[in-house]
Undergrad: 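Okay, handing you the structure first.
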Amino acid sequence: MPELPEVEILVRYLGPLLINKVVRGVQVHRKKSIRPTSLRQMRDQLVGAKFISIKRRAKYLLFEMQPSGRKPVFTLLGHLGMTGRMCLQPKRVDLPKHAALVLELGRHNFVFEDTRYFGRMTLDTGSLDALGTEPMSPGFSGEMLREVLGRSRQAIKVKLLDQSVVAGIGNIYASETLFRAGISPRKAARRLTRRECAGLVVAIQETLAKAIECGSTVPLDFNGEGGRNGLFYFGQTDEGAGYYDEELLVYDREYESCARCNNPIRRIIQAARSTYYCPGCQRA
DNA sequence: CACCATGTTCCTTG
DNA sequence: CCAAGGAACATGGT
């Protein structure tokens, strides 16, 4: 489930496993997944390069690579799209059906798998340029949010999905943070008061922090031994799904009672995507 | 068959 | 030029 918290958890997980490992081989199973980089560029750059550090920016994973010799450090950029996953598997284990890119590292394979192929692993870092504020950074404030919302007449829910405004919030956490802040998802961005902006910033930071904390405590069920079980993916394992779903207060809970006021949760469509909210707690 | 799905990007419309 | 809306991408689950 890749929004900011899931990517953060994945980055923390992969870091210790990948640091100082050297790429020995590159298998590209889907050209689309590395676009616009070519297979040849991928091999030329990555073979012989060592993982120096792994960072996150919004929903992107940044793998800092040190090539052999005196060549400059470069970045391998990853994005999970809707269904991407990454994991390490012993080489003898069969690759998942939708493996898109495999980096061979000694006795393990670093596998990027992506059922719908919306994600990417590329040497082109251009996508990072258009990203807005990092919501968990200290600089993210109510005043700053108010500034970037500007005069927009778009609904606040839709605006929260705009990565050039706040970077890293996706469809699940957009609904969750607005519920926590008590703001209607339909409210025009420009109509949010200073108080609401300040409250929304706090709600965003608390919601994301809690999701990271929660996900970090969920058993990852990573054993690398077989097919799907070896893949990082919480929300799917029995243990993980339980912990995780309980923390979502409105998302995917249409018709259920609001935990705070007991009104039934509603689902509406905004920008062609589902929005969940409580009509009692989030008045227009 | 119908509809739904954690995301981004491109094209069109106003 | 810009903001906003909608389709496309691709596969699978219910």
Side-chain angles (χ1 to χ4, degrees), chain A residues 1-11 29-36 56-61 77-86 96-101 112-122 124-132 135 148-178 185-191 207-208 211-212 214-215 218 227-228 231-237 240-241 243-245 247-255 267-276:
Chain A
M1 309 182 81
E3 291 188 32
L4 184 153
E6 291 75 39
V7 176
E8 177 65 27
I9 291 160
L10 179 58
V11 163
H29 296 263
R30 275 278 170 156
K31 284 184 186 170
K32 186 196 170 192
S33 300
I34 63 169
R35 84 197 138 75
R56 178 191 61 73
R57 169 81 169 102
K59 301 171 194 171
Y60 290 88
L61 298 104
L77 187 70
H79 194 290
L80 300 172
M82 295 272 269
T83 55
R85 303 187 205 178
M86 294 179 188
K97 181 178 178 184
H98 299 290
L101 175 72
F112 170 46
E113 179 236 8
D114 186 5
T115 305
R116 291 170 72 179
Y117 303 110
F118 287 176
R120 280 199 302 164
M121 276 285 261
T122 178
D124 171 30
T125 58
S127 302
L128 298 175
D129 298 344
L131 293 174
V148 291
L149 292 179
R151 306 302 299 156
S152 174
R153 297 166 187 275
Q154 240 177 356
I156 184 62
K157 154 61 157 55
V158 177
K159 217 62 185 165
L160 286 181
L161 294 180
D162 183 340
Q163 301 299 297
S164 70
V165 172
V166 184
I169 297 174
N171 204 40
I172 293 175
Y173 294 110
S175 285
E176 291 297 315
T177 56
L178 286 170
R186 303 185 205 250
K187 188 157 190 162
R190 60 188 293 179
R191 299 291 178 214
T207 303
L208 298 179
I212 292 169
C214 173
V218 169
R228 306 181 67 75
L231 298 169
F232 173 82
Y233 182 51
F234 74 89
Q236 177 184 308
T237 66
Y243 285 95
Y244 186 71
D245 290 351
E247 303 301 327
L248 299 180
L249 301 177
V250 292
Y251 185 79
D252 202 23
R253 290 189 182 281
E254 187 180 19
Y255 305 131
R267 179 173 82 103
I268 59 175
I269 302 298
Q270 293 181 290
R273 316 201 58 191
S274 291
T275 297
Y276 298 86

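What you see below is based on every heavy atom in this structure, not just the backbone, and it leaves out hydrogens, waters and symmetry mates. First the proteins, then the strands, lettered A, B, ... as listed; each starts at 1.
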Undergrad: Taking any heavy-atom pair under 4.0 Å as a contact, classify F118(A): base, sugar-phosphate, or nothing.
TA: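 Answer is base: heavy atoms of F118(A) come under 4.0 Å of a base.
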Undergrad: Rounded to whole Å, how long is the line connecting atom CG of D252(A) with atom P of dT14(C)?
TA: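 Taking CG of D252(A) and P of dT14(C), I get 12 Å after rounding.
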Undergrad: Base, sugar-phosphate, or nothing: which does R35(A) touch, judged by heavy atoms less than 4.0 Å apart?
TA: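 The answer is nothing, as R35(A) stays clear of every strand by at least 4.0 Å.
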Undergrad: Which of these nucleotides, dG5(C), dG12(C), dC4(B), is closest to any side-chain atom of Q154(A)?
TA: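 The answer is dG5(C), which lies nearest to the side chain.
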Undergrad: Please confirm whether the backbone N or O of A188(A) pairs with a side-chain atom of R153(A), one donor and one acceptor, at under 3.5 Å?
TA: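 Judged by distance alone, no pair lies under 3.5 Å.
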Undergrad: Of all heavy-atom pairs between A174(A) and L161(A), which one has the smallest distance, and what is that distance?
TA: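 Smallest heavy-atom distance, with atoms named: CB-CD2, 3.9 Å.
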Undergrad: Can you tell me the distance, in whole Å, between the CG atom of L131(A) and the C1' atom of dT8(B)?
TA: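 Spelled out: CG on L131(A) to C1' on dT8(B) is 11 Å.
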Undergrad: Just compare dA4(C), dA10(C), dG7(B) and give me whichever is closest to any side-chain atom of K159(A).
TA: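 Shortest atom-to-atom distance from the side chain points to dA4(C).
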Undergrad: Would you indicate whether R57(A), at its atom CZ, is surrounded by more than 12 heavy atoms from other residues, nucleotides or ligands within a distance under 6.0 Å?
TA: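 Yes - once you tally the heavy atoms of other residues, nucleotides and ligands closer than 6.0 Å, there are more than 12.
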Undergrad: Need one value for R151(A): base, sugar-phosphate or nothing, where a base atom within 4.0 Å counts as base even if backbone is also close, heavy atoms only.
TA: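 The residue R151(A) makes no contact with any strand.
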Undergrad: Whole angstrom is fine here: how far is it from CD in Q163(A) over to P in dT9(B)?
TA: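 Computing the Q163(A):CD to dT9(B):P distance gives 9 Å.
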Undergrad: Can you measure D162(A) atom CG to dA3(C) atom C1' for me and round it to whole angstrom units?
TA: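 My rounded result for the distance is 11 Å.
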Undergrad: Kindly indicate, with the supporting measurements, whether the criterion side-chain hydrogen bond (donor to acceptor under 3.5 Å, both in side chains) is fulfilled by Q270(A) and T275(A).
TA: CA-CA 7 Å; Q270(A) 293 181 290; T275(A) 297; 2.7 Å; yes
Undergrad: How is S152(A) classified with respect to the nucleic acid when contacts are heavy atoms under 4.0 Å: base, sugar-phosphate, or nothing?
TA: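 Since only primed, P, OP1 and OP2 atoms lie under 4.0 Å of S152(A), the category is sugar-phosphate.
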Undergrad: Specify the separation, in whole Å, of atom OH of Y117(A) and atom P of dC9(C).
TA: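 So the OH-P distance, Y117(A) to dC9(C), works out to 16 Å.
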Undergrad: For dA10(C) versus dC11(B), give the span between their P atoms, rounded off to a whole number of Å.
TA: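 It works out to 15 Å between them.
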Undergrad: Give the nucleotide from the list dA5(B), dG7(B), dA10(C) with an atom nearest to the side chain of Y251(A).
TA: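 It is dA5(B).
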Undergrad: Below 4.0 angstrom from OP1 or OP2 of dT11(C), is there any side-chain N or O of R30(A)?
TA: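 Yes, within the criterion.
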Undergrad: Take S127(A) and T83(A), find for each the nucleotide of DNA chain B with the closest heavy atom, and name the residue whose nucleotide sits nearer the 5' end.
TA: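 The residue mapped nearer the 5' terminus is T83(A).
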Undergrad: Find the distance D124(A):CG to dT8(B):C1' and express it as a whole number of Å.
TA: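 In whole Å, dT8(B) C1' and D124(A) CG are 14 Å from each other.
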Undergrad: Which whole-number value in Å describes the distance from L161(A) CG to dT9(B) P?
TA: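 Result: 14 Å.
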Undergrad: Can you tell me if H98(A) touches the phosphate of dT11(C), counting only side-chain N or O atoms and a distance under 4.0 Å to OP1 or OP2?
TA: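 The answer is no; no side-chain N or O of H98(A) sits under 4.0 Å from OP1 or OP2.
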Undergrad: Would you find more than 12 non-hydrogen atoms of other residues, nucleotides or ligands less than 6.0 Å from K31(A) atom NZ?
TA: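 Not buried by this count: 12 neighbours or fewer within 6.0 Å.
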Undergrad: Using atom NZ of K32(A) as one end and atom C1' of dG7(B) as the other, report the distance to the nearest whole Å.
TA: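 So the two atoms are 11 Å apart, to the nearest Å.
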Undergrad: So what does R273(A) touch, heavy atoms closer than 4.0 Å: a base, only the sugar-phosphate, or nothing?
TA: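 It contacts base atoms.
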Undergrad: For DNA chain B, report each stem as range with range, ordered by first number, or say none. Use Watson-Crick or G-U wobble pairs under 3.5 Å, at least 3 in a row.
TA: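 Expected stems, ordered by start: B:2-5 with C:11-14, B:7-14 with C:2-9.
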Undergrad: How long is the straight-line distance from CZ of R85(A) back to OG1 of T115(A), given to the nearest 0.5 Å?
TA: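 Answer for the OG1-CZ pair, T115(A) versus R85(A), is 6.5 Å.
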Undergrad: Is there a donor in the side chain of R116(A) and an acceptor in the side chain of T83(A), or the other way round, less than 3.5 Å apart?
TA: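 Absent: no donor and acceptor within the cut-off.
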Undergrad: Which one, dT8(B), dA5(B), dA4(C), comes nearest to the side chain of R153(A)?
TA: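 Of all the options, the side chain of R153(A) is nearest to dA4(C).
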Undergrad: As a test of reading the structure: which of dT11(C), dG12(C), dT8(B) is closest to the side chain of K97(A), going by heavy atoms?
TA: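 Shortest atom-to-atom distance from the side chain points to dG12(C).
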Undergrad: Between R116(A) and R120(A), which is nearer to the 5' end of DNA chain B once each is assigned its nearest nucleotide?
TA: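 Its nearest nucleotide being more 5', the pick is R116(A).
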Undergrad: I need the minimum non-hydrogen distance between L248(A) and Y251(A), along with the two atoms involved.
TA: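 Of all heavy-atom pairs spanning L248(A) and Y251(A), the closest is CD1-CD2, 4.3 Å.
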